[in-house]
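Submitted below is the structure of interest, expressed as structure tokens.
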Amino acid sequence: MLKLTSTSEDQTREIGRSIGALARQGTVIALNGELGAGKTVLAKGIAQGLGVQEDVISPSYVLMNIYPGHLNLYHFDFYRLENEEELLELGLEEYFYGDGVVVVEWAEKFSGILPAKRLEIEMKKSPEDPDSSRDLYVQLQGSLRLFSLKELEKRCCF
Amino acid sequence: MGHKTLILGIETSCDDTAASVVGNGRDVLSNVVSSQESFHQRFGGIVPEIASRRHLEVINPVIDEALAKAGVTFADLDGIAVTYGPGLVGSLLVGVSAAKALSFSLDLPLVAVNHLEGHIYANFLTGATIAFPLICLIVSGGHTSLLHVKGHGQLEVLGRTRDDAAGEVFDKIARALGLGFPGGPVIDQLAQQGEGEKFSFPRALMGTEGKLDFSFSGVKTAVLNRIRREKEQGKPLPLNDLCAAFQDAVVDALVEKSARAVEYLQPRQFLLAGGVAANGELRKRLRFRLAPLEVEVIYPPLEYCTDNAAMIAAAGYYYLRQGSLASYDLNAEPGLDLENP
């Protein structure tokens, strides 16, 4: 597990950019953290790292947004979903094994539906400075070989 | 009495299945939404929020009820209008397929309507006359956009949210305060008894660098931080004051950007649309701020602020009049943008 600390939104975005740049086709990123932890900010950075030109906005209501980039970004949000049946209706599996990179906010609500091989990111408000600092815990699940935590660590030395 | 042009509107872009019959783009003969009480009872309990299969189950009963309540039959209709995007593909397809089938079998013209553009037409369901060019602020759970509307189907996006939609932050803050869902009405109500000056929350992008875009994730985080600190002190939350200060911050940004757009483009009308258009403070402050700018300010009737099919039928009427018809290869477009031709 890799722990990264961000002291500002800009740094969170910067970490996101590095994650996006290292992501490969088929990478699924499960993003967790309480309201206001900065999940969408990180997703904005990931999008930039993937070469997405558009502004990434919160998918809480619309449940899913698609952004074209070097690799397409499929941006999901489970915040508003109440049961797994609703989720199955969205036809997520298509995207999990598709041509792009998937970011799922509030993934832990239905983690059973996610592919076993994925990148897990937990965002927490840093106890020392909960207003603006965030601790990011990044780990690989299911022996994901597509992503290098070492490389990410190297890129994220602020 | 002359014959009215009757359009059946169908809307399935998000949570609700809706159908409506509207005459001449403004007279609502019926407006049926599947989340209404009568449907809950008939279809056994709560309709799940997001389920295209549910749309499929209720689409025909909803259409039947819209016709029955309007006192018309399929033979009386002059056209079918349907939302084809943006939204969830599975949900959109149910409406689009139903509309195509009806259009084909009844030999009626088919009109495809952008859901967001549909919201604009909610304003004309009380008989107001459209006067282009106009500016419309659409504020809902999923969208916050400031539009320059030059004609039917001629839209330019002046600004939009760069992160959260306004309605979304209302709901998220309400949940954090334990106020339930939806958050808009209850926050609006509590804010009336609070003092917004007790707390100061940021207004993002208010300088010229933000142009006419919005950003609400900063105010959301600031309010959440404040809630946490208040809780740490172990005192009861000053709910009314928090709601007032939060609502002030969101409404300020919406009103100020709207005023800038009006000053810049000097339209004849300014329209409010979307679920958050029901917010009392927003209505009050907009009217006050725009009053000196010589623009007619129009608000939609409350029942047409949230998603409905009457607004789709109204938009469809104008499209039909100018001959903008869809063909049978019409498809659902989940990522439909406002500036698509």
Side-chain angles (χ1 to χ4, degrees), chain A residues 8-10 12-13 33-45 47 54-68 72-92 94-95 105-106 123-127 129-134, chain B residues 13-15 46 48-56 85-91 93-94 115 140-145 160-169 171-173 175-176 181-182 204 213-229 232 275 307 334-335 337:
Chain A
S8 67
E9 274 195 39
D10 283 346
T12 301
R13 206 182 299 239
E34 63 180 300
L35 219 49
K39 295 183 293 299
T40 301
V41 175
L42 190 75
K44 279 173 180 283
E54 277 176 80
D55 258 335
V56 163
I57 59 170
S58 166
S60 291
Y61 256 76
V62 291
L63 305 174
M64 174 187 167
N65 282 318
I66 302 175
Y67 302 95
N72 286 347
L73 170 64
Y74 301 101
H75 189 194
F76 291 86
D77 193 332
F78 291 175
Y79 176 76
R80 220 161 64 86
L81 294 170
E82 297 297 338
N83 60 55
E84 206 163 297
E85 197 183 332
E86 293 177 336
L87 194 52
L88 294 170
E89 293 271 343
L90 288 172
L92 240 70
E94 252 181 82
Y95 302 101
E105 297 194 29
W106 295 95
M123 298 183 73
K124 287 191 170 145
K125 296 182 177 176
S126 310
D129 175 21
D131 278 2
S132 18
S133 291
R134 301 289 184 266
Chain B
S13 69
C14 197
D15 300 354
I46 311 283
E49 267 200 13
I50 305 111
S52 45
R53 204 179 53 229
R54 205 60 179 170
H55 281 296
L56 202 53
L88 296 169
V89 66
S91 306
L93 270 173
V94 174
H115 172 77
S140 67
H143 305 277
T144 306
S145 299
R160 52 166 46 131
T161 184
R162 293 186 182 178
D163 36 57
D164 294 17
E168 173 183 350
V169 288
D171 285 338
K172 286 181 170 172
I173 292 302
R175 188 183 273 201
F181 179 90
D213 281 349
F214 302 96
S215 166
F216 296 111
S217 83
V219 62
K220 176 187 72 184
T221 307
V223 175
L224 292 170
N225 282 338
R226 172 50 65 183
I227 293 171
R228 180 174 44 74
R229 261 176 271 144
E232 276 166 9
D307 292 351
D337 206 347

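Treat the numbers as computed from the prediction; the structure is a model and nothing was measured. Throughout, protein chains are lettered first and strands after them, A, B, ... in sequence-line order, and every chain is numbered starting at 1.
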Checklist outcome for this item: Most heavy-atom pairs under 4.5 Å with chain A, out of Leu224(B), Thr161(B), Thr221(B), belong to Leu224(B)
Item to check | With His115(B) via ring-ring contact (aromatic ring centres under 6.0 Å, His included) - residues at least two apart | outcome: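 Only His119(B) meet the ring-ring contact (aromatic ring centres under 6.0 Å, His included) criterion with His115(B).
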Item to check | Proximal component of Ile66(A), with respect to chain B [non-hydrogen, under 4.5 Å] | outcome: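 When you check distances to chain B, no heavy atom of Ile66(A) falls under 4.5 Å.
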Next on the checklist: Test your reading of the model: is there a side-chain donor-acceptor pair from Thr144(B) to the backbone of Ser140(B), 3.5 Å cut-off?
Outcome noted: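 It does not hold such a pair.
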Checklist entry - Is a side-chain N or O of Lys124(A) found less than 3.5 angstrom from the main chain of Ala37(A), in a donor-acceptor match? => result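 Such a contact is absent between Lys124(A) side chain and Ala37(A) backbone.
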Item to check | Arg160(B), part contacting chain A, at a heavy-atom distance under 4.5 Å | outcome: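 For Arg160(B), no heavy atom lies under 4.5 Å from chain A.
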Checklist entry - Do the charged groups of Asp163(B) and Lys44(A) touch, with an N to O distance under 4.0 Å? => result no
Next on the checklist: Tell me which of these, Gly36(A), Ser58(A), Pro59(A), has more heavy-atom pairs under 4.5 Å with chain B than the rest.
Outcome noted: Ser58(A)
Checklist entry - Does Arg162(B) use its side chain to pair, donor to acceptor, with the backbone of Ser215(B) at less than 3.5 Å? => result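 No, Arg162(B) side chain to Ser215(B) backbone: no donor-acceptor pair under 3.5 Å.
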Checklist entry - Between His143(B), Lys172(B), Lys220(B), which residue shows the highest count of heavy-atom pairs closer than 4.5 Å to chain A? => result Lys172(B)
